[in-house]
Amino acid sequence: MSQPAPPPSRRPRVALFVTCLVDLHRPTVGFAAIRLLEQAGCQVEVPRAQTCCGQPAYNAGDRATARDLAASILDAFSGYDYIVAPSGSCAGMISHHFSGLFDNDPQQRTRAEALQAKTFELIAFLTDVIKITTVPAVYQGTATYHDSCSGLRELGLKSQPRALLASVSGLALKEMVEPETCCGFGGTFCVKYPDISTRMVSDKTRDIAATGADTLLAGDLGCLLNMAGRLKREGSPIKVRHIAEVLAGMTNDTPPIGEARG
Amino acid sequence: MLATSPAFKQNVKGALADASLQKALAFTRPSFAGKRTAAVAALPEFEQLRDVGRDIKNHVLANLDFYLETWSANVEKSGGIVHWCSTADDARAAVLAICQKAGAKTVTKGKSMISEELAINDHLEKHGIEPVETDLGEYILQLRKEPPSHIIAPAFHLNREDWEESFRASHTDLPEDRVFGERRDILTEARKKLREKFLAADVGITGANFLIAETGSSVIVTNEGNGDLTQTLPRVHIVLASIEKVIPTLEDACTFLRLLARSATGQDMSVYTTFSTGARRPADLDGPEEYHVVLIDNGRTGMIGTEFQEMLRCIRCAACMNHCPVYFTVGGHSYGWVYPGPMGSVLTPALIGVDKAGHLPNASTFCGKCESVCPVKIPLPKLMRHWREREFERHLAPQGMRSNLAIWAWFAKRPQLYRMATGLAARLLSWLGRGKGRVASLPFAAGWTAGRDLPTPEGETFFARYARAQREGKL
């Protein structure tokens, strides 16, 4: 990433794009993102007017709705130094697809291009922009990390999460044979083609289980819900968490995905 | 070829329940990707070659009329004949006329996907001409009356025992004690039968990987050498090629040959690479007396100038399907027409209509692996998304999905109402999962819960908790 480091005199103003899944399903991930960003010296704000990046509409072929939602994000997130999302998929939607939605509107397109240049996935932002190399977290366990597709292939997220996980005290990382193979979530794909999706996630959980790890981590809540849902259906004891929860040391704040407190 | 693409979902159910197919898919899955990775790693300039390949194809597509006319003039100069065919019907008629004029009884065929598009075998049989597939995989499929399930490894859905069974069923002179212990036994049996056919054939039909404008040549690559016997031994050679196969120069052909085999099978080069230029000249030792190219459009010019033009860069290497987790889950026949996998999910709707092939561009997670390995950098997920847009515009997408999307979008555009709705949903779902953190079945999420539990939310939304924390002065 070629983003210049912020001037030392001023803390970077970061707007958190919470993502609709984190908002609805797992707020702790949002608070973990805030903690990580603040630890890294950022001033974090959460624009109130945000809902969703529009990806469900965009991938369903409904460009008009996607464009409307993108336009409201352009409004809600103007004026910040950076936009950061705890999801490669949503960050990728903003940073790789927004400007294309405004091909016939040069003014909005220019705004979208400006926004996408300062939009980052959380882990990539911490490592590539703020240049942190360690986190002060502790986690006792052996984890395996799933490379979610958009983060990996759109944003080049591969070594960064592993580098930060390596600095977590007590955590050992064991790789799957195919950490880069899609888990079969695919947004609405998983409900449009449940048979295919279930078979894909079953291939994934077999790979996860074969590592012997007690914890599965990833950076996208959609994939995590899919893999956790399958692991729980199979009766697996493997704990599933968003990587931000572990890096922020917030695993005591909430039980693993698909499990109850206590 | 009759399309079963509209029945994609039923095809998938059958494929998932087919133990023999699943065994074959699992057996082959690791091999293609591993071989490509090794071949690419051994060629440092491979990534730059992908850019060069993309640029050559883009240049050709922008000047397609010029290159096709140049190529055609050079074919005629070398004594060949070009048959320009707009439709599959035209092409079938052209092939049949050439065969009938040659008095053909037996026609040998090299592997060609465009010939599947034309269903040329059925057409020839209907007119009393026996077509014989000479690629080993295609040969067994012809015996089994099955279409290919993969564009370069057509019988890849079969296991060794399937081969033996088909030979025993079709080769009636086969002694019962013949052993089919290994691949060589299969080869030996097929070779014996095919030799007779190679020598008997009056016409040989091949496809073309490339047409070279500056020389008027056609190029085929094979690993079995069957293509050479098909096009050299009979008196008449017919090349079937679609319009986007043309490239400007021999130098360009070398660029694509460096990309093709590495992307396809992980070989540096295919075993046989054959350039054919015109008919046999008086001093030539061998070659056909007649060289015809049946040049086929069949819907492709309709893609030019649209958002799907980039698909015409495809060089049919199969890297996209070889790396596709959906392809390896459902197999090639599920896609229901000639071209399976990600390239098929973009090309098929263009050639047979998105109303028939609408499932294909939807049955993708957009994981992006296909685009990342495509030798000519076709943005396959983006093109599949464009098909979804066409479907949405034409109201072809399922009504239920459409209504759900509309309700969700209505709320998503109104943040305050959205907060109220998500606040309720989060609490309700959390309550359903109380004590467990998940639910095993949920009527409106049956697709999800059929194979997975649904993890339930923490209970309070992020925005509710954040507002509370602000009020309590904790932020």
Side-chain angles (χ1 to χ4, degrees), chain A residues 18 20 22-28 30-31 46 48-52 54 56-63 65 68-69 72 149-150 153-154 180-182 184-203 225-226 228-230 232-233 254-255 257-260, chain B residues 9 12-13 16 325-326 329-330 362-369 371-372 385 387-393 397-398 401 405-406 408-409 411-413 415 418 422 425-426 433-438 440 445-458 460-466 475:
Chain A
V18 178
C20 58
V22 166
D23 174 37
L24 178 78
H25 208 282
R26 205 157 170 87
T28 302
F31 285 92
V46 186
R48 293 277 307 163
Q50 59 178 300
T51 57
C52 169
Y58 184 57
N59 284 345
D62 182 359
R63 270 179 94 85
T65 297
D68 288 349
L69 289 171
S72 57
C149 298
S150 302
R153 296 193 187 91
E154 254 175 11
E180 297 183 2
T181 297
C182 178
F185 172 63
T188 53
F189 171 85
C190 68
V191 287
K192 280 192 293 187
Y193 301 95
D195 298 347
I196 308 177
S197 177
T198 300
R199 184 64 66 90
M200 287 169 72
V201 72
S202 305
D203 289 343
L225 292 172
N226 183 40
R230 183 64 200 172
K232 295 303 125 186
R233 176 62 55 92
T254 190
I257 296 169
E259 294 181 28
Chain B
K9 284 198 164 189
V12 166
K13 272 202 196 317
L16 290 173
V326 173
T329 302
V330 305
N362 282 284
S364 164
T365 63
F366 285 168
C367 82
K369 185 69 187 174
E371 180 176 359
S372 77
R385 187 184 296 110
W387 278 123
R388 297 183 189 184
E389 286 161 7
R390 293 276 183 105
E391 291 178 79
F392 190 85
E393 282 162 17
M401 194 270 296
L405 189 68
W408 165 83
F411 279 103
K413 288 179 202 170
Y418 182 86
T422 49
R434 65 197 180 282
K436 297 191 82 172
R438 59 184 183 270
W448 179 286
T449 54
R452 293 157 281 225
D453 287 357
L454 181 67
T456 47
E458 289 179 342
E460 196 177 19
T461 64
F462 174 87
F463 280 95
R465 204 202 287 184
Y466 188 76
L475 280 173

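Reminder, nothing fancy here: chain letters follow the sequence lines and each chain counts from 1. Remember, predicted model here, so these are calculated numbers, not experimental data.
- Between chain A and the options B/A425, B/A440, B/A412, B/S372, the largest number of non-hydrogen pairs under 4.5 Å is found for B/A412.
- Considering all non-hydrogen atoms of both residues, B/C367 and A/C182 come closest at CB-CB, 3.6 Å.
- With chain B as the partner, the residue from A/G184, A/C149, A/G30 showing the most heavy-atom pairs under 4.5 Å is A/C149.
- Applying the salt bridge (Lys or Arg N to Asp or Glu O under 4.0 Å) criterion to B/R388, with sequence neighbours excluded, gives no partner residue.
- The side-chain heavy atoms of B/E371 and A/R153, taken from C-beta on, include no pair separated by under 4.5 Å.
- No other option in A/A60, A/S72, A/S150 has as many heavy-atom pairs under 4.5 Å with chain B as A/A60.
- Residues satisfying the side-chain contact (heavy atoms from CB on, under 4.5 Å) test with A/C20, not counting sequence neighbours, are A/C52, B/Y418.
- Proximity to chain B (any heavy atom under 4.5 Å) is shown, for A/S197, by both the backbone and the side chain.
- Interface remark: A/D68 contributes side-chain atoms only to the contact with chain B (heavy atom separation under 4.5 Å).
- Looking at A/K192 and B/P398, their side chains never come closer than 4.5 Å, going by heavy atoms from C-beta outward.
- Under a 3.5 Å cut-off, the side chain of A/R233 and the backbone N or O of B/T449 do form a donor-acceptor pair.
- Relative ring orientation between B/W448 and A/F185 is described as perpendicular, the plane-to-plane angle rising above 60° on a 0-90° scale split at 30° and 60°.
- Residue contact with chain A, scored on non-hydrogen atoms closer than 4.5 Å, involves the side chain of B/W408 exclusively.
- Counting heavy-atom pairs closer than 4.5 Å to chain B, the top-ranked of the candidates A/E180, A/K232, A/R48, A/E154 is A/K232.
- For a residue to count as touching a neighbouring chain, one of its non-hydrogen atoms must lie under 4.5 Å from one of that chain's; by this rule B/A450 touches chain A with the backbone only.
- Listed options A/I257, A/L24, A/N59, A/N226 were ranked by heavy-atom pairs under 4.5 angstrom with chain B; first place goes to A/N59.
- Chain A forms the most heavy-atom pairs under 4.5 Å with one residue out of B/T329, B/N362, B/L454, and that residue is B/N362.
- Only the backbone of B/E460 has a heavy atom closer than 4.5 Å to any heavy atom of chain A.
- Here the side chains of B/T365 and A/M200 are in contact, with some heavy-atom distance below 4.5 Å.
- Of the two parts of B/K413, the backbone and the side chain both hold a non-hydrogen atom closer than 4.5 Å to a non-hydrogen atom of chain A.
- For the set A/T28, A/D203, A/V191, the entry with the most heavy-atom pairs within less than 4.5 Å of chain B is A/T28.
- Residues B/T461 and B/T422 come closest through the heavy atom pair CG2-O, 3.6 Å.
- Each of A/V22, A/V46, A/T254 has some count of heavy-atom pairs under 4.5 Å with chain B, and the biggest count is that of A/V46.
- Annotation: side chain of B/V326 is in contact with side chain of A/F189 (closest heavy-atom distance under 4.5 Å).
- For chain A, the option among B/A397, B/A446, B/A445, B/P325 with the highest count of heavy-atom pairs below 4.5 Å is B/P325.
- Top candidate by heavy-atom pairs under 4.5 Å with chain A, chosen from B/W387, B/Y466, B/F411, B/F463, is B/F463.
- Of the possible polar contacts, none joining the B/E389 side chain to the A/R63 backbone as a donor-acceptor pair under 3.5 Å is found.
- Contacts between B/L405 and chain A at a heavy-atom distance below 4.5 Å involve the side chain alone, from C-beta outward.
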